[in-house]
Asks: 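If you scroll down you'll find the structure; I have some questions about it.
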Amino acid sequence: MADSVLDLVKQNLTPDMVNRIAGGLGIGGGAAQGLVAAAIPGILASVAGAAAAPGGAANVSDAVAAHTGDALDAVKAALGGSGQAAAASAGSDMLGGLLGADGLNGLAASLAQHAGVSPAIATSVIGLVAPHVMGAIGQAAPNAATDPGALTQALASQKDAITAALPSGLSNMLQSSGVLGNLGALGGLGGMASAAQSAMGSATQAASDASDDGSGGMPSWLYGVGGLVIAGLLAWYFLGHGGQQTPASAPTPAPAA
């Protein structure tokens, strides 16, 4: 991922737009700016953790795909107007579908306590910021909208930056509430995605080399099939199991001489 998602959200969610959010919620502009500034890394960290859960990357990819172009423009147009409440509700429902009700409530409660606002206001801000976060992920990593593996790898590459951007107090509260429970596994899943891509590339190169030198041995097409099998197994492992480890079986004793 070449661009920072954090920077892209901040660029797309302009101070004027945040002031419109503040007006719609009846809070001061300064309070809204601080609330949004904390919500951005909080939502990103939560989404990254959700992507690391079993099956979560595919759900996050779908959410990214649903918040591009006209859909995101509609959210921007609603800010500060009569449609802001509906947009906030839709955004919080979307995020709740990824985090679960407890995850969304934990994020809102932590953000509300950190910023000194009511949970209802925090939930509304989360609902209005979340679509911009999804849009920024898709902008920074276009393949993330269609490829869960690419999404996982992209978020893993920015896990440290996202974690560092969380205010310390908010980070501690999110850890205590369990919202960030899966975030620690994200780096390992990104590594597995890289391994799958590497295996595919190595198999393709081996097939090409075998074809070029005309050497004997296995037919070259078998290298490609092997690479596909390896990549498929790795993808199934990290997307379907969230990096869970299977205990190794005890070795079979050698027969007596």
Side-chain angles (χ1 to χ4, degrees), residues 5-6 8-51 56-140 142 144-146 151 170 174 177 179:
V5 178
L6 289 163
L8 287 171
V9 179
K10 294 173 184 177
Q11 292 170 14
N12 296 337
L13 197 55
T14 65
D16 175 67
M17 294 165 66
V18 175
N19 286 333
R20 285 158 54 193
I21 291 174
L25 294 176
I27 61 176
Q33 294 286 351
L35 188 55
V36 168
I40 291 171
I43 293 170
L44 257 175
S46 302
V47 168
N59 294 332
V60 176
S61 284
D62 290 342
V64 170
H67 291 88
T68 58
D70 292 342
L72 189 56
D73 288 342
V75 176
K76 295 177 181 179
L79 299 181
S82 59
Q84 176 168 297
S89 179
S92 60
D93 286 347
M94 176 272 293
L95 195 60
L98 299 177
L99 308 181
D102 290 343
L104 176 63
N105 291 337
L107 175 61
S110 298
L111 188 61
Q113 184 177 347
H114 171 76
V117 298
S118 70
I121 287 179
T123 301
S124 293
V125 169
I126 288 169
L128 295 170
V129 174
H132 292 84
V133 170
M134 297 301 172
I137 293 173
Q139 185 179 352
T146 56
L151 169 79
L170 178 60
L174 292 177
S177 66
V179 174

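For the single chain, residues carry numbers from 1 onward in sequence order.
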Asks: Quick one: closest heavy-atom pair of Leu170 and Ala38, and the distance?
Replies: CD2-O, 3.6 Å
Asks: How long is the straight-line distance from CD1 of Ile40 back to CG of Leu13, given to the nearest 0.5 Å?
Replies: 5.5 Å
Asks: Grab the two heavy atoms, one from Ile43 and one from Ile126, that are nearest each other, plus how far apart they are.
Replies: CD1-O, 3.8 Å
Asks: If you look at every heavy atom in Ala87 and Ala78, which pair is closest and at what distance?
Replies: CB-CB, 4.0 Å
Asks: State, to 0.1 Å, how close Leu8 and Ala140 come at their nearest heavy-atom pair, and which atoms those are.
Replies: CD1-CB, 3.6 Å
Asks: Atom CG in Leu72, atom CD in Gln139: separation rounded to 0.5 Å?
Replies: 9.0 Å
Asks: So, Gln113 side chain and Ala109 main chain: donor-acceptor pair closer than 3.5 Å or not?
Replies: no
Asks: Nearest 0.5 Å, please: how far is NZ in Lys76 from CG in Asp16?
Replies: 12.0 Å
Asks: Is the backbone of Val64 close enough, under 3.5 Å, to the side chain of Thr68 for a donor and an acceptor to pair up by distance?
Replies: no
Asks: Does Ser61 reach the main-chain N or O of Ala57 with its side chain, forming a donor-acceptor pair under 3.5 Å?
Replies: yes
Asks: Show your working on side-chain contact (heavy atoms from CB on, under 4.5 Å) between Leu44 and Ile137 and close with a plain yes or no.
Replies: CA-CA 9 Å; Leu44 257 175; Ile137 293 173; 4.1 Å; yes
Asks: So, for Ala65 and Ala145, which heavy atoms are closest and what is the spacing to 0.1 Å?
Replies: CB-O, 3.7 Å
Asks: Please round to the nearest 0.5 Å and tell me the distance separating atom CE of Met94 and atom CG of Asp62.
Replies: 11.5 Å
Asks: Rounded to the nearest 0.5 Å, what separation is found between the CD atom of Gln33 and the CD1 atom of Ile21?
Replies: 9.0 Å
Asks: Val47 and Met134: side-chain contact (heavy atoms from CB on, under 4.5 Å), yes or no, with the steps?
Replies: CA-CA 9 Å; Val47 168; Met134 297 301 172; 3.6 Å; yes
Asks: For the atom pair CG (Asp73) and NE2 (His67), what is the distance rounded to the nearest 0.5 Å?
Replies: 12.0 Å
Asks: Do you know the tightest heavy-atom contact between Leu111 and Ala39?
Replies: CD2-CB, 3.7 Å
Asks: Applying side chain to side chain contact (heavy atoms under 4.5 Å, CB included) between Ser92 and each of Thr123, Leu107, Leu128, Val125, report the one that passes.
Replies: Thr123
